[in-house]
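This report concerns only the one structure given below.
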Amino acid sequence: MANGETTVAVTDAAARETGDAPALSVRGMSKSFGPTKALQPIDLDIRPGEVHALLGENGSGKSTFIKCLSGYHKPDGGEVHVGGRRLTPGSAASSHALGCRFVHQDLGLIGTETVLDNLNLGGGYRTVLGTIDGRAARRTALADLERAGVDIDPKRVVSTLSPARQTAVAVARALRPDDSGQPRLLVLDEPTARLPQKEVAQLLDIVRSVARAGVAVIYVTHRIEEVFAVAETVTVLRDGRKVATRAVADLDRPALVDLLVGGELDAVDAEHSAQPGAGAPVLLSVENLTSVEVTAIDLEVRQGEVVGIAGITGSGRETLLSTIFGGVPREVGTVRVGGAALRPGRPDLAIGAGVAYLPPDRKVSGAVIDLTARENLMLADLRKHWRWPRLSRKRERTECAGWFSRLAVRPPDAERPLSAFSGGNQQKVLFGKWLRTAPKVLLLDEPSQGVDIATKALLHKEILAAAEAGAGVVVSSSDTEELIAVCHRILVMRHGRIAGTLSGKDKTVLNMSHLSLGARTEEAA
Ligand SMILES: Nc1ncnc2c1ncn2[C@@H]1O[C@H](COP(=O)(O)OP(=O)(O)OP(=O)(O)O)[C@@H](O)[C@H]1O
Ligand SMILES: [Mg+2]
């Protein structure tokens with residue numbers, strides 16, 4: 001995202017038409033899935049130009065609320081007005097016509113298609129002959145991308161873009177003007193779940209300028225600091241109910257955490273956990289690893305150690321772990337696990353050698369969304385319950401229940417398809433899937449993306465416990481606070497190389513940011 005000075009024009013006509021009506025008015029909206037009351041009757045008002053944060057633990061109903069506004073779900077009851085006009089329940093067309101625009105948690109992009117095609121999804125550029133006019137489409141795409149503050153070649157295939165840029169494409173698509181007029185309500189469901197701090201700041205700039213143009217914004221996040229940075233109002237959900245709607249100015253962090261979790265957080269700190277012994281065996285050893293995006297990486301991880309990988313988008317951080325695992329081709333270099341060399345490009349052999357890899361994108365590579373949560377949890381290692389001639393279902397169920405309770409997966413029903421769980425709860429299942437293989441080497445890419453703050457603390461404990469139990473752990477994360485909390489040592493990447501290593505008291509956000517930007521001089525500025 002190149003600049004923060006994005007402007008989104010809202011026509012005067014749109015403002016006149018709606019007068020002083022709230023941008024969004026929700027009365028008594030509710031939604032159940034079978035016995036699950038995902039949303040209890042809920043009321044909410046949002047003014048034009050207001051940034052309204054929507055918070056709540058995993059499974060508290062945020063995405064359901066949003067999907068009822070988008071027409072994806074038909075609410076069981078209640079009424080919704082957008083700019084004073086009534087939304088037809090369950091109608092995506094009505095939602096769009098009233099000016100509601102959405103960037104969903106999974107972005108809804110087609111990874112194998114180009115940026116241009118993704119921007120055109122649902123639209124299309126007609127020429128007199130009824131064919132799509134390539135040049136016009138490209139021009140419009142560039143304008144759309146500029147509106148979202150990014151400079152991306154529309155011909156790029158989406159899956160080759162960083163998460164930050166993929167998010168920007170989704171925002172650009174949501175904000176593109178069309179026949180139904182300008183957006184009146186922009187809804188962002190965890191837009192920053194996978195963005196590093198620097199890019200979060202840029203996204204927040206986009207949000208502010210969208211709001212300045214008179215568009216109301218619903219902003220879903222698990223990152224509390226973002227609420228204070230961008231929102232005027234915050235609504236907290238718990239178990240499908242509204243706990244409170246408050247002016248952000250009236251709250252501080254502890255008060256908001258209290259609303260969210262009903263108490264204080266029990267955070268971990270790697271410095272106060274078991275330290276890896278100096279003589280502990282090296283479990284993972286990487287030498288001169290080079291791929292398209294990383295260059296000459298040397299890395300050793302000892303038993304009991306948690307090593308962090310930091311770096312901005314494009315630094316190589318995002319692909320290092322999958323390159324070690326074998327998902328991304330390596331050009332040269334060696335990777336050894338417990339002394340034995342891993343063949344390049346063979347994730348299957350890596351798993352056999354005791355490596356577990358939690359990928360950063362649960363939708364694309366981590367999960368089989370139509371299988372049940374139990375099947376997903378058991379996917380990585382079926383041998384445990386393999387009793388000729390078939391799996392021992394009972395043992396499997398028992399073990400599964402254990403993981404569900406250990407990782408606080410909600411609802412505790414492993415027989416549902418993974419798709420019926422909220423985003424954060426899906427992430428817990430996938431985390432458990434790899435943890436249960438008791439790996440020698442545990443590679444975690446954005447382990448706490450999309451999980452709520454209480455769960456994040458829980459996963460951090462599990463990471464340190466896995467190390468204490470004898471694994472060598474590598475955590476790659478865009479969340480610098482997370483790295484400081486769980487890692488004994490942090491490698492900071494820049495331009496595909498390791499720019500420096502931080503440990504002990506040197507593990508600070510400032511040091512990480514200086515190393516990752518190569519800007520030690522900024523300290524004086
Ligand atoms: N398609 C579905 N079928 C059945 N249950 C569902 C479905 N979608 C959501 N649920 C349930 O509804 C509840 C609310 O889920 P929702 O996705 O709205 O949570 P959320 O607040 O967005 O959580 P997260 O922070 O994890 O994204 C959860 O109990 C979830 O399991
Ligand atoms: Mg959600």
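Numbering of ligands and ligand atoms starts at 1, following listing order. As the structure is a computational prediction, the values presented were derived from the model and not from experiment.
Interface atoms of ligand 1 facing Thr36, defined by a heavy-atom separation under 4.0 Å, are 29 (O). Counting the atoms of ligand 1 from 1 in the order shown, those under 4.0 Å from a heavy atom of Thr64 are 14 (C), 15 (O), 16 (P), 18 (O). If you number the atoms of ligand 1 from 1 as listed, the ones under 4.0 Å from a heavy atom of Ser63 come out as 17 (O), 18 (O), 20 (P), 22 (O). Every atom of ligand 1 with a heavy atom of Arg416 under 4.0 Å away is listed here by number and element: 4 (C), 5 (N), 31 (O). If you number the atoms of ligand 1 from 1 as listed, the ones under 4.0 Å from a heavy atom of His222 come out as 25 (O).
Considering backbone and side-chain N/O of Arg410, none are found under 3.5 Å from N/O of ligand 1. For ligand 1, none of its N or O atoms has an N or O atom of Phe65 under 3.5 Å away. Annotation: Ala38 places no N or O atom under 3.5 Å from an N or O atom of ligand 1; distance criterion only. Checked by distance only, ligand 1 and Gly61 come closer than 3.5 Å through their nitrogen or oxygen atoms. Backbone and side-chain nitrogen or oxygen atoms of Lys62 are examined, and one is located within less than 3.5 angstrom of a nitrogen or oxygen of ligand 1. Considering backbone and side-chain atoms alike, Pro411 places every N or O at 3.5 Å or more from each N or O of ligand 1.
Across every non-hydrogen atom of Gln40 and Ser30, the tightest pair is C-CB, 4.1 Å.
Only the side chain of Glu190 comes within 4.0 Å of ligand 1, counting heavy atoms alone; its backbone N, CA, C and O stay farther away. Within the 4.0 Å heavy-atom criterion, both parts of Asn58, backbone and side chain, lie near ligand 1.
Among residues two or more places apart in sequence or in another chain, the salt bridge (Lys or Arg N to Asp or Glu O under 4.0 Å) test is passed with Glu226 by Arg223.
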Residue pair Ser63, Asp189: steps toward the side-chain hydrogen bond (donor to acceptor under 3.5 Å, both in side chains) verdict = CA-CA 7 Å; Ser63 294; Asp189 195 354; 2.7 Å; yes
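The backbone N or O of Thr235 sits nowhere less than 3.5 Å from a side-chain atom of Lys242 that would complete a donor-acceptor pair. Side chain of Thr233 to backbone of His52: no donor-acceptor contact under 3.5 angstrom is found.
Nearest-residue assignment for atom 30 (C) of ligand 1 (options Gly59, Ala420, Gly240, Gly423; heavy-atom criterion): Ala420.
A salt bridge links Asp178 with Arg101: the distance from a Lys NZ or Arg NE/NH1/NH2 to an Asp or Glu carboxylate oxygen falls below 4.0 Å. With salt bridges taken as basic N to acidic carboxylate O contacts below 4.0 Å, one links Arg27 and Asp45.
Neighbouring protein atoms of the Mg ion (ligand 2) (N, O or S, distance under 2.8 Å, waters ignored): Ser63 OG, Gln105 OE1.
Ring-plane geometry between Phe325 and Tyr357 is classed as tilted, the angle between the planes lying from 30 to 60 degrees on a 0 to 90 degree scale.
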